[in-house]
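First up is the structure itself, then whatever we jot down about it.
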2 protein chains.
Amino acid sequence: MNEHVHETADLTKNQTLVMGALTRSKGPLSAYTILDQLRDNGFRAPLQVYRALDKLVEFGLVHRLESLNAFVACRHPGCDGDDTIAFMICERCGQVNEITDTALAMRLKQLAGEASFALKKTTIELRGICRTCQVA
Amino acid sequence: MNEHVHETADLTKNQTLVMGALTRSKGPLSAYTILDQLRDNGFRAPLQVYRALDKLVEFGLVHRLESLNAFVACRHPGCDGDDTIAFMICERCGQVNEITDTALAMRLKQLAGEASFALKKTTIELRGICRTCQVA
DNA sequence: GTATGTGACGTTATCTCATTACAAGATTGC
DNA sequence: GCAATCTTGTAATGAGATAACGTCACATAC
């Protein structure tokens with residue numbers, strides 16, 4: 001499976017619109033924020049957003065930030081969905097940094113293995129203040 | 001700072017009730033589930049639960065599971081609040097396993113350091129199927 | 001002892017996040 | 001054409017969390 005198999009062409013109209021909103025945004029967006037941004041495009045109900053988001057997450061184009069109940073466009077072309085991704089979330093500016101680290105992923109897999117835990121999905125979210133916001 | 005400085009004696013009535021509900025439970029509980037369980041004890045509004053939970057989390061007696069919007073009593077006496085804790089959450093039986101791992105914590109701190117990210121809190125949640133549920 | 005501050009508590013209302021349920025179009029395969 | 005499947009639209013509701021009020025108990029300062 002290649003990276004980001006689903007390109008714009010594969011997306012439905014609603015999925016494209018939601019993807020666009022996320023791509024344009026500097027930081028994560030909540031489903032309802034996306035809804036508001038897309039009202040002019042005919043969006044009227046949360047479900048329209050959630051359905052598109054579900055698919056986009058499934059495709060690996062969008063990630064869900066559990067600790068924020070929000071979503072970000074994947075900025076990290078290398079991730080193929082199976083990857084263990086960590087997010088660094090700045091609590092001041094809201095920017096999100098996406099990182100993958102082999103050592104981290106290996107250790108987690110090992111820990112799961114030792115417990116005979118069949119790992120399906122990992123969530124790693126780091127909260128703090130990013131470099132830029134510290135100097136400011 | 002010692003482990004779990006706040007013992008039962010330090011807790012208020014509401015905090016004790018909420019803590020009791022979580023301790024009795026085998027798995028994580030949502031705030032509203034706790035509310036329902038404590039109606040007979042005079043609980044009437046979500047805020048009563050949330051206020052108690054806030055304190056219990058602050059004391060390190062309870063952890064919040066971001067990917068579940070739920071709370072668990074800390075089963076891991078060693079954690080002193082500053083610790084990096086990982087949770088293994090079984091999607092079949094709902095049981096939660098709490099683990100700390102030095103290598104994991106170190107790597108995360110290192111990654112944050114390399115990005116000059118001032119780390120405040122880390123969330124690590126592993127979803128999957130636990131050993132017991134796999135055989136069944 | 002009164003004033004003042006602080007922290008927990010209770011209640012209502014409201015806000016944000018997410019899903020269920022149902023109907024209508026659109027698309028593909030036969 | 002017809003069935004199967006997928007996407008869509010809409011309304012209603014469920015679930016999670018907080019804001020804004022006021023009250024009470026208890027501490028400390030004067």
Side-chain angles (χ1 to χ4, degrees), chain A residues 6 8-22 25 27-59 61-72 89 91 94 121 123 125 127, chain B residues 5-22 25 27-59 61-72 89 91 94 121 123 125 127:
Chain A
H6 292 267
T8 315
D10 298 327
L11 302 178
T12 68
K13 179 165 156 259
N14 283 2
Q15 287 163 13
T16 307
L17 287 166
V18 169
M19 191 67 206
L22 284 171
S25 167
L29 296 177
S30 79
Y32 277 73
T33 305
I34 295 172
L35 174 59
D36 284 340
Q37 290 189 11
L38 296 181
R39 290 215 184 263
D40 293 342
N41 297 281
F43 274 58
R44 323 225 43 213
L47 200 48
Q48 297 174 287
V49 180
Y50 280 109
R51 286 205 269 235
L53 284 172
D54 281 350
K55 286 296 177 184
L56 293 171
V57 168
E58 185 187 324
F59 298 158
L61 294 171
V62 166
H63 301 296
R64 180 193 169 90
L65 299 174
E66 301 287 354
S67 67
L68 244 43
N69 292 327
F71 301 82
V72 276
I89 304 167
E91 293 184 333
K121 191 195 171 228
T123 300
E125 298 181 12
R127 308 288 290 262
Chain B
V5 195
H6 293 266
E7 296 306 326
T8 315
D10 297 326
L11 302 178
T12 68
K13 179 167 157 261
N14 284 4
Q15 287 161 16
T16 306
L17 287 167
V18 170
M19 191 68 205
L22 284 171
S25 167
L29 296 178
S30 78
Y32 278 71
T33 304
I34 296 173
L35 174 59
D36 285 339
Q37 290 191 11
L38 296 181
R39 291 217 183 263
D40 293 342
N41 297 283
F43 274 58
R44 324 227 40 214
L47 202 48
Q48 296 173 285
V49 180
Y50 280 110
R51 285 205 269 236
L53 284 171
D54 280 350
K55 287 295 177 186
L56 293 171
V57 168
E58 185 186 323
F59 297 158
L61 294 171
V62 166
H63 301 295
R64 180 194 168 88
L65 298 174
E66 301 286 355
S67 67
L68 245 43
N69 292 328
F71 302 82
V72 277
I89 305 167
E91 293 184 333
K121 195 201 169 220
T123 299
E125 299 180 13
R127 307 289 290 265

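Letters A, B, ... mirror the listed sequences (proteins, then strands); counts begin at 1.
Here the side chains of A/Tyr32 and A/Pro46 are in contact, with some heavy-atom distance below 4.5 Å. Side-chain atoms of A/Val72 and A/Val62, non-hydrogen and from C-beta on, never get closer than 4.5 Å to each other. Between B/Gln37 and B/Phe43, every side-chain heavy-atom pair lies at or beyond the 4.5 Å cut-off. Contact annotation: the side chain of A/Arg51 never approaches that of A/Leu56 to less than 4.5 Å [non-hydrogen atoms, C-beta and beyond].
Atom-to-atom, CG of A/Asp36 to P of C/dT16 comes out at 9 Å; the value is rounded to the nearest Å. Computed from coordinates, the A/Leu35 CG to D/dA11 P distance equals 13 Å when rounded to whole Å. Atom CZ of B/Phe71 is separated from atom C1' of D/dA15 by 13 Å (rounded to the nearest Å). Between the CG atom of A/Asn41 and the P atom of D/dG9 there is a distance of 11 Å, rounded to whole Å. Rounded to an integer number of Å, the gap from B/Leu65 CG to D/dG16 C1' is 15 Å. Regarding B/Leu53, its CG atom lies at a distance of 12 Å from the P atom of D/dG16, rounded to whole Å. For A/Leu68 and C/dC17, the CG to C1' distance is 13 Å, given to the nearest whole Å. The separation between A/Gln48 atom CD and C/dA18 atom C1' is 15 Å, rounded to whole Å.
Rounded to 10°, the helix from C/dG1-D/dC30 to C/dC30-D/dG1 has 30° between the axis fitted to its first five pairs and the one fitted to its last five.
Ion pairing between B/Glu125 and B/Arg64 fails under the 4.0 Å rule for side-chain N and carboxylate O. Using a 4.0 Å cut-off between a side-chain N of Lys or Arg and a carboxylate O of Asp or Glu, A/Lys121 and B/Glu91 do not qualify as a salt bridge.
Listed pair A/Lys13 / D/dT8 fails the phosphate criterion, with no side-chain N or O lying under 4.0 Å from OP1 or OP2. B/Asn69 has no side-chain polar atom (N or O) that falls below the 4.0 Å cut-off from OP1 or OP2 of C/dC17.
The distance from the CG atom of B/Leu61 to the CG atom of B/Leu22 is 10.0 Å, given to the nearest 0.5 Å. Put simply, CG on A/Leu29 and CG on A/Leu68 are 10.5 Å apart, with the number rounded to the nearest 0.5 Å.
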What does the list of N/O pairs under 3.5 Å between the protein and nucleotides 19-25 of chain C look like, with a distance for each?
none

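Side-chain N or O atoms of B/Ser25 include none that pairs as donor or acceptor with a backbone N or O of B/Pro28 at under 3.5 Å.
With D/dT7, C/dT12, C/dC17 as the choices, the nucleotide that has an atom nearest any side-chain atom of A/Thr12 turns out to be D/dT7. With D/dG16, D/dA17, D/dT10 as the candidates, the nucleotide lying closest to the side chain of B/Arg64 is D/dA17.
Positionally, the nearest nucleotide of DNA chain C for B/Gln15 lies more toward the 5' end than for the other of B/Gln15 and A/Ala31.
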